[in-house]
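Working notes, structure below.
Proteins come first, then strands; the chains are lettered A, B, ... in the order of their sequence lines, and each starts at number 1. Since this is a predicted model, take the numbers as computed values, not measurements.
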Amino acid sequence: MSLDTAPDSPVRLPFEPLQKTNSVINEPPLVRGLLIGAALAFLSLFLLLPLLSVFVEALRKGLGAYFAAFGDPETLEAIKLTVIAALIAVPLNLVFGLSAAWAITKFEFRGKQFLITLIDLPFSVSPVVAGLVFVLIFGAQGWAQPWFGENVGRVLFSTPGIVLATVFVTFPFIARELIPLMQEQGTEDEQAALSLGATGWQTFTRVTLPNIKWALLYGVLLCNARAMGEFGAVSVVSGHIRGLTNTLPLHIEILYNEYQFVSAFAVASLLALLAMVTLALKSFLEWRYADQLAATRRH
Amino acid sequence: MTAVDRPGRRRSRRTLPGFTPTLGFTLFYLGLIVLIPLAGVFFKASGLGFAGIGQVIGSERVLAALRLSFGAAAIAALLNAVFGSIVAWVFVRYEFPGKRLFDAFIDLPFALPTAVAGIALTALYSENGWIGSVLAHAGLKVAYTPLGIVVAMTFIGLPFVVRTVEPVLREVERDLEEAAATLGARRWQTVLRVIAPAVFPALVTGFALAFARAVGEYGSVIFIAGNFPLVSEIAPLLIIIKLEEFDYPGATAVAATMLVLSFLLLLTINLLQAWTRKK
Amino acid sequence: MRFRHSAIRLVLAAALSAFVPGTQADLLNVSYDPTREFYKDINQQFAADWQAKSGQRTRIQTSHGGSGKQARAVIDGLEADVVTLALAYDIDSIAERGALLPADWQARLPNHSAPYTSTIVFLVRKGNPKGIKTWDDLVKPGVSVITPNPKTSGGARWNYLAAWGHALKASKGDAAKAKAFVTALFRNVPVLDTGARGATTTFVQRGLGDVLLAWENEALLSIGELGPDKFDIVAPADSILAEPSVALVDKNVARHGNRAEAEAYLNFLYTPVGQKLAAKHYFRPSKPELADPADLARFPKIALFRLDEVFGSWAQAQKTHFADGGQFDQIYQSK
């Protein structure tokens, strides 16, 4: 990255619409350069190089081998299953996230920090344990299985188990993204809307949602990325049946274990690309609605 | 809660609708997806009795693994807190070439399956890797040491701090900074007294989340850790080993201990965060 | 709220109804990691054979993973019709803890229910720069040995037991000497991967270590896959006879009503076609006379000892060596 352009920032300032050319609220060029340098160095070491190495491995045998990896019917089945799991997990956690954030940030009640911590808990649960809990419940010796197996159907080693594990692992994402922002924003806007005669639902959709839409989008993107990339928990409940219960991450592991390094990294790069496509979409939306964004930011 | 809070609390509850249904749904969903399943872990572990759990947890090897998991996670979260806030700051405040590209990469550690991340990081940081070979010249061994565990944990927790600090930083009113400047504050004073307090709660949240995620991480860590008992064996690996021996009570005892420790740490951080916000 | 609840219910119901029934296979074979290529061929041949004999079309599905983990999945409810795992101990566990098949399962098929066997050999870097020839070379200072963790990998248990058995024989049954030998060996191990394939990757891709302890079939396969110009196989004078076992899971075939097919599938492994395929995929066939001599020529001559000769039984070996606080754990206890 060309760091050298950064210190000459006064020239670039007009590109940032909100920025006022006011030196008292900006840092000296040297500090800017150092900060940008530190950020880029950190990102390169921990993010860019690992990503690059995935693509280097994936393209080691050329583009032909790269694309051949996606023609495999088992890969397609894995993609399908992964998308299904994400399509169920993300909306569920979206509804939960909105409702939890509303209850927590707009009202005062006892034990709020306790509740927030409980919501955080799935983050700290090792994926290994996240899978194990469902085995303890729905396994052949699990406590819910005798009744559940009779009346509902199989959970473990089939799609419902995979969906459950995914929902569990991605549980806090959207709530956790919304809570700090909504706390920061307070309740004044909503109070104002209500006093002007808006209904509760109108207040939520016309005042709250526009205020939080970017954080909400981040949350959905993160939740989706994690839902598609989850390995540990899903691995425990999947059963690894080829073409039936393998998600993309599990399929990648299998390919890797079969010395099909190119295919493994090609499929992995697909997940990485997926993350980047959704983010490109986000960047586009930000750019497209920059005026609106500025407006909501300024109220 | 003090009596002073009460009037305000009553008023807000009356004016804003939806408290009961949203909290009700939150608790219901939380119970169904998280609490009931996790209760199973404690139930299974309780089969050992207090003495039995104490024996499992008190063993030298389990203690070493817990120390390693929590210690490495704390270091990784700290690294992420420092560099994550710099990254968020740079993204919000400055323009530089490649910014959008880097911005698009940030969430990658979530999308990349942890096993792939582990393999890629090991390839980079082992002694014949791009970074590892450079570090080896400096006499630093990363892969297959506790240092490698920190690297993997930093990677998987990276998005948390950036993504929690970024939106809040965007909200900080630049007018306030200008006001501070006009009142004679130096730039560093403004940053410290005006911006830092506004961002701090979000930063703490990001730290807590990165920490929590790192403590339990398995997939990416086992590739780079070396997995030596007492040295580089993480607690989740011990759980796997106990499961391999069909020692479900032992495995759940370790899992339950990790859960309680993480919960207490997160609760402390969240209370601290709420307290700083009130101040 | 009512709207939300019903929406969720709708989504859940749609998900459950659309995907639960799935397309279950006629036969599910739960196997361990390195058998994928082998069973892919077997499945194809067997399906043709089964159709010719019974007139039924059949679809066989396989699941691969670490042997112990696969055994646990079957115990927890993965409905395997047949299991083809890395060690008899894992199938013993299914019999004991899941009660899915009788405890004497090993007597039901020829050759202790092992249609093919293998052994543990050394994979070294091309030209064998450290001159590694025997087990005793592995404990020399400066030799770096790659083997996965016996606590998490079935293959690694064979490695460990092969080394122990060798030392025990060399010292005429002195257990203390065997322990000292294995301890010295593991002092030369720089990383304990959790699975056999992980260890292979460490050795091959990371370039770590002078010698990899590996299944013979894995070593032969990885040489083929990863470059014959980079590695050599060294066969020690003596090693263990590794017997990956196969078994029918009675409870599950009863539930699925496919016992005849599952039995035919396992018996197929002992037929000339099955034995030829085993040898082709670098497993030592239990009836070598049925296999292709050209394939057999690839197996070096090694004096093989059986596990029960040295360790009694898998249950005993497991208890003495790999259980919590066992011989293996003692190697890593703080000095």
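- The most heavy-atom pairs under 4.5 Å with chain B, out of I104(A), L118(A), V125(A), come from L118(A).
- Of the two parts of P37(B), the backbone and the side chain both hold a non-hydrogen atom closer than 4.5 Å to a non-hydrogen atom of chain A.
- Here CZ of F123(A) is found 13.0 Å from OG of S262(B). Values are rounded to the nearest 0.5 Å.
- Looking at heavy atoms from C-beta onward, L47(A) lies in side-chain contact with P109(B) at the 4.5 angstrom threshold.
- Using a 4.5 Å cut-off between heavy atoms, V56(A) contacts chain B through its side chain alone, with no backbone atom that close.
- The heavy-atom pair separating S126(A) from G216(B) by the smallest distance is OG-O, 2.6 Å.
- Remark: D107(B) CG to C223(A) SG distance equals 12.0 Å, nearest 0.5 Å.
- Contacts between L23(B) and chain A at a heavy-atom distance below 4.5 Å involve backbone atoms as well as side-chain atoms.
- Top candidate by heavy-atom pairs under 4.5 Å with chain A, chosen from V162(B), I131(B), T20(B), I239(B), is I131(B).
- For the pair L43(A) and F83(B), the minimum side-chain heavy-atom distance is 4.5 Å or more.
- Of the residues considered (E230(A), M228(A), Q113(A)), Q113(A) shows the highest number of contacts with chain B, using heavy-atom pairs under 4.5 Å.
- At a 4.5 Å heavy-atom cutoff, I269(B) makes no contact with chain A through either its backbone or its side chain.
- At a threshold of 4.5 Å between non-hydrogen side-chain atoms, the residues F42(A) and V82(B) do not count as touching.
- Interface remark: of the candidates G200(A), S53(A), P180(A), P249(A), S53(A) forms the most heavy-atom pairs closer than 4.5 Å to chain B.
- Residue E177(A) touches chain B through its side chain alone, counting heavy-atom pairs closer than 4.5 Å.
- Residues T247(A) and P113(B) are not in side-chain contact: their nearest non-hydrogen atoms beyond the backbone lie 4.5 Å or more apart.
- What you find for A103(A) and T22(B) is that their closest heavy atoms are CB-OG1, 3.5 Å.
- Neither the backbone nor the side chain of L265(B) comes within less than 4.5 Å of any heavy atom in chain A.
- Top candidate by heavy-atom pairs under 4.5 Å with chain B, chosen from L115(A), L181(A), I179(A), L121(A), is L121(A).
- Residue L121(B) touches chain A through its side chain alone, counting heavy-atom pairs closer than 4.5 Å.
- For a residue to count as touching a neighbouring chain, one of its non-hydrogen atoms must lie under 4.5 Å from one of that chain's; by this rule I33(B) touches chain A with backbone and side chain alike.
- Between chain A and the residues V116(B), L112(B), L35(B), the largest count of heavy-atom pairs under 4.5 Å involves V116(B).
- Contacts of I252(A) with chain B are made by side-chain atoms alone, with heavy-atom separations under 4.5 Å and no backbone atom involved.
- Heavy-atom pairs under 4.5 Å with chain B were tallied for F265(A), Y256(A), F231(A), F171(A); the largest tally goes to F171(A).
- There is no contact between L237(B) and chain A, counting heavy-atom distances below 4.5 Å.
- Highest contact tally toward chain A, considering only V151(B), L79(B), L243(B), is held by V151(B) [criterion: heavy-atom pairs under 4.5 Å].
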Could you go through F109(A) and F19(B), starting from their C-alpha distance and side-chain angles, then the distance that decides it, and tell me whether this counts as side-chain contact (heavy atoms from CB on, under 4.5 Å)? CA-CA 10 Å; F109(A) 55 92; F19(B) 178 70; 3.6 Å; yes

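- Residue contact with chain B, scored on non-hydrogen atoms closer than 4.5 Å, involves the backbone and the side chain of I116(A) alike.
- Remark: Y29(B) OH to L92(A) CG distance equals 4.5 Å, nearest 0.5 Å.
- Proximity to chain B is limited to the side chain of I137(A), based on heavy atoms less than 4.5 angstrom apart.
- Between chain A and the residues P159(B), G129(B), G18(B), the largest count of heavy-atom pairs under 4.5 Å involves G18(B).
- Only the side chain of Q183(A) comes within less than 4.5 Å of a heavy atom in chain B; its backbone stays farther off.
- Chain B forms more heavy-atom pairs under 4.5 Å with one residue of S44(A), P127(A), A215(A) than with any other, namely P127(A).
- Heavy atoms closer than 4.5 Å to chain A are found in both the backbone and the side chain of L267(B).
- For chain B, the nearby parts of F114(A) are the backbone and the side chain; heavy atoms of each come within less than 4.5 Å.
- Annotation: side chain of V129(A) is not in contact with side chain of Y218(B) (no heavy-atom distance under 4.5 Å).
- For a residue to count as touching a neighbouring chain, one of its non-hydrogen atoms must lie under 4.5 Å from one of that chain's; by this rule F43(B) does not touch chain A.
- Residues L124(B) and P50(A) share a closest heavy-atom pair of CD1-N, 3.3 Å.
- Here the closest non-hydrogen pair linking S99(A) and F25(B) is OG-CD2, 3.3 Å.
- Residue L248(A) does not touch chain B at all, counting heavy-atom pairs closer than 4.5 Å.
- L49(A) touches chain B through backbone and side chain together, each having a heavy atom under 4.5 Å away.
- Between F160(B) and F173(A), the two ring planes are parallel [angle under 30°; tilted spans 30° to 60°].
- In this structure, F107(A) and L16(B) approach most closely via the heavy-atom pair CE2-O, 3.3 Å.
- Rounding to the nearest 0.5 angstrom, the gap separating the OG atom in S124(A) from the CZ atom in R213(B) is 11.0 Å.
- If you measure heavy-atom distances from I119(A) to chain B, the contacts under 4.5 Å come from both the backbone and the side chain.
- Summarising the geometry of V34(B) relative to F168(A), their closest heavy-atom pair is CA-CE1, 3.9 Å, with the distance given to 0.1 Å.
- Note: F263(B) CZ to D120(A) CG = 9.5 Å, rounded to the nearest 0.5 Å.
- Within the model, atoms CZ of F105(B) and CG of L48(A) stand 5.0 Å from one another, a figure rounded to the nearest 0.5 Å.
- Both the backbone and the side chain of F96(A) come within less than 4.5 Å of a heavy atom of chain B.
- Within the 4.5 angstrom heavy-atom criterion, no atom of W188(B) approaches chain A.
- With respect to chain A, the highest number of heavy-atom pairs below 4.5 Å among L261(B), T154(B), V254(B) belongs to T154(B).
- Interface check for chain A: of the options I119(B), L271(B), V215(B), V168(B), the most heavy-atom pairs under 4.5 Å are formed by I119(B).
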